[in-house]
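If you're wondering where the values come from, they're calculated on a predicted model, not measured in any experiment.
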Amino acid sequence: MLKLLKRMRKREILMCLVCSALLLGQIYFDLKLPDYMSELTVLIQTPGNSMSQVWITGLNMLLCTLASALLCIACGYLSARAAAGFTYGVREDLFGHISALGQEEMLGFSVPSLITRTTNDITQVQMVIAMGLQALIKSPVMAVWAVIKILGKSWELSVITAGFVVVLCLSVFLIVSSVLPRFRIVQKLTDKMNRIARENLTGINVVHAFNAESYQNSKFDETNKFMQKTQLKNQRTFAAMQPLMGLGMNALSLCIFWVGAALLEAIPVSDAAGRLTMFSNVVVFSTYATHVVMSFMMLVMIFMLLPAAQVSAERINQVLDTRPHIVEGNVSEGKEHGTVEFKNVTFRYPGAADDDLKDISFRVEKGQTLAVIGATGSGKTTLVSLIARFYDATSGEVLIDGVNIKDYSFDALYNKLGYVTQKAVLFSGSVKDNITFGESSAPAGDEAVDKAVKLSQSQEFISKLEGGTEHYIAQGGRNVSGGQKQRLSIARALARNAEILVFDDSFSALDYRTDAALRSGLNSQLRDTTKIIVAQRISTIRNADTILVLDEGQIAGSGTHKELLKNCDVYREIAMSQLSEDELSAEKEAVL
């Protein structure tokens, strides 16, 4: 918790300092009341005092109460502002840090856990700061101040108060230490529930289609019941704290009055002044002792929130302390233009037993089209993900424009690339917002949008949408079809006007006519742009300058369509599974 609090900005620190000063003033006025109470008791019991003296003392007590109330309001306002400002900064830092993490770190935490840490965990910390700033300062200071004021009045009563304080402190420590480990379990269960709920909502159509509602409900219910049992244990343990504090406060008051009565009885009746002083001391002692116990009761309320906040702070720090494995360089310009080269690249996913890519070497020149094809799991997506530096190669080099991609700054690298992912991803906003998404060196005007829309074959359906390019796209593109999502994703990459376009199986949802029209437009309008296309269909890649055939992470063949039909068994098998006998015969005759 303290490590996280070090991130507090100067503005929030200043608010906390002002709040602390106001709290000291509030404590002063609160502890001034028993002194006036003692004075009032003496005035009433001593003959010859005027009523005006009693009124003045009562007025002083009222002013102390009002001053304490005003300072309490000001402290509450400042602590709330400080807590909100601090968590705003932490949330901003956490979101930015998560955005900078790579795929390896994301998989290590899991997406549901990162969502929980960005929302629920930060809220837990905010609650403790808002409520605890006053209690954590006010309670100890008030308890110590009250103890100092009563030490000289009666050593017997002081010993009794000290004994109760020790017992209460020990009880709180035992309760908190037993609850803290279970709060760690609760936060992990929150991650799990988040994951199950997110998975269920994302795949709700599949759940309905396969009548899996009961299965999903039972899976959620199992985690939910376990969390309920754990939370019940925590709350039952905490339930003992409030009665314990109440019992301690009442028992302390009873002991003080009991022992005080005995001390008062021991003073001779003839010593009226001594008896009055002792009676006044017992009344004041009782009030101060109540303040001591009340201070501990305030701390109990914080201790009920502190264990969960401590666990949440540790989880937040765990993310903030994680350093991305992928670190950017400082090169902004390449030695060439539009070239991509792999030199003996081998790659293994973190924690995997075997290499996913083995000794991959090829080179693509400016304006050329490289196609990558292979069976499912052969490493096609892995290969192009290394170009975008989602991962770093285990060994070997990946070069763009003659420079190792590890040496580029992120801005320089991604300005060179237009990347279309295998799964089309759209964001909530207008069509135009999705096409001009992010930052690039290309202008984001209407002209660039129109050009990208036409080239991606999206104009046909966008023109039918209400508002055209201003039409609202729901989160994840739920209000458009799969083919439309894919075309908009392609348009987003084209609008960047990049040197290199990477299409990771991005034509799979397109019909053959749209596929052909799109490829024709790419070849005619983007002749100087290097294109890397991952595909499953022979028709999509047969006209590529070079076709790379992958088989179990290795290059099984490289060349043109005709060359591979003649020389590569793997490619020939893929072609036989897709082309008709007549088409295959014609291809073989052309080769011969």
Side-chain angles (χ1 to χ4, degrees), residues 87 91-92 94-99 101-127 183-231 308 311-312 315-316 318-319 381 385 390 420-431 433-435 437-438 461 465-466 471-489 492 504-506 508-509:
T87 51
R91 190 179 291 111
E92 189 175 42
L94 188 61
F95 186 86
H97 189 75
I98 290 172
S99 299
L101 294 178
Q103 292 288 329
E104 182 178 348
E105 293 79 26
M106 287 283 190
L107 292 174
F109 287 110
S110 83
V111 173
S113 179
L114 289 173
I115 292 173
T116 304
R117 294 172 199 238
T118 312
T119 53
N120 179 267
D121 285 333
I122 290 181
T123 302
Q124 296 278 3
V125 174
Q126 181 174 348
M127 288 175 59
F183 269 110
R184 301 182 197 278
I185 298 173
V186 167
Q187 291 305 102
K188 290 181 180 178
L189 289 173
T190 303
D191 289 345
K192 189 174 181 180
M193 289 182 64
N194 191 351
R195 177 181 60 78
I196 295 172
R198 186 171 179 268
E199 187 178 64
N200 185 67
L201 293 173
T202 303
I204 193 66
N205 290 337
V206 178
V207 173
H208 290 327
F210 286 85
N211 292 325
E213 291 89 347
S214 298
Y215 171 73
Q216 288 293 98
N217 288 338
S218 62
K219 187 164 66 171
F220 183 83
D221 192 48
E222 181 182 352
T223 305
N224 196 20
K225 282 183 177 177
F226 187 35
M227 185 171 184
Q228 179 194 29
K229 291 178 181 178
T230 308
Q231 283 285 56
V311 173
S312 295
R315 286 159 53 86
I316 294 169
Q318 188 180 10
V319 178
T381 296
S385 68
F390 296 151
V420 186
T421 56
Q422 188 172 16
K423 181 182 179 182
V425 177
L426 297 181
F427 300 88
S428 56
S430 67
V431 171
D433 290 339
N434 274 277
I435 293 175
F437 182 79
F461 78 87
L465 297 175
E466 183 180 352
H471 181 78
Y472 180 77
I473 299 294
Q475 181 185 2
R478 294 191 304 271
N479 57 342
V480 292
S481 69
Q484 290 169 345
K485 282 199 293 186
Q486 206 161 56
R487 279 180 278 177
L488 288 175
S489 296
R492 179 169 58 207
D504 183 8
D505 202 10
S506 309
S508 58

Passing option when S312 is tested against T123, T190, D121 for side-chain hydrogen bond (donor to acceptor under 3.5 Å, both in side chains): D121
Between CG on residue D504 and OG1 on residue T381, distance to nearest 0.5 Å: 3.5 Å
4.5 Å side-chain heavy-atom contact, I115 and V111: yes
With a cut-off of 3.5 Å and sequence neighbours excluded, list every side-chain donor-acceptor pair involving residues 475-485.
from	atom 1	to	atom 2	distance (Å)
R478	NH1	Q475	O	2.9
N479	OD1	A474	N	3.1
N479	ND2	Y472	O	2.9
S481	OG	Q484	N	3.3
S481	OG	Q484	OE1	3.4
Q484	OE1	S481	N	3.0

Donor-acceptor under 3.5 Å (N200 side chain, I196 main chain): no
Rounded distance (nearest 0.5 Å) linking atom CD1 of I185 with atom NZ of K192: 12.5 Å
Spacing of CD1 belonging to I98 relative to CG belonging to L114, to within rounding of 0.5 Å: 4.5 Å
Candidate pair N205 and F210, rule side chain to side chain contact (heavy atoms under 4.5 Å, CB included), full reasoning: CA-CA 9 Å; N205 290 337; F210 286 85; over 6 Å; no
Any donor-acceptor N/O pair, H97 side chain to V319 backbone, under 3.5 Å: yes
Heavy atoms from other residues, nucleotides or ligands near NZ of K219 exceed 12 (cutoff 6.0 Å): yes
Distance in Å, Q124 CD paired with I316 CD1, rounded so as to fall on 0.5 Å steps: 9.5 Å
Neighbour count >12 (heavy atoms, 6.0 Å) for atom CD, E213: yes
Contact check, side chains of M106 and F390, non-hydrogen atoms, under 4.5 Å: no
Check against side-chain hydrogen bond (donor to acceptor under 3.5 Å, both in side chains), S430 and D433: CA-CA 5 Å; S430 67; D433 290 339; 3.1 Å; yes
Pairs satisfying side-chain hydrogen bond (donor to acceptor under 3.5 Å, both in side chains), at least one member in residues 109-118, at least two apart: S113-R117, S113-D191, T116-D191, T116-N194, R117-Q318
Nearest-0.5 Å distance that lies between atom OG in S428 and atom CG in N434: 8.0 Å
A509 backbone acceptor or donor facing Q486 side chain under 3.5 Å: yes
F427 atom CZ, neighbour heavy-atom count above 12 within 6.0 Å: yes
Separation between CZ of F109 and CZ of R315, rounded to the nearest 0.5 Å: 10.0 Å
Under 3.5 Å donor-acceptor, H471 side chain and E466 backbone: yes
Worked verdict on F461 versus R487 for side chain to side chain contact (heavy atoms under 4.5 Å, CB included): CA-CA 10 Å; F461 78 87; R487 279 180 278 177; 3.9 Å; yes
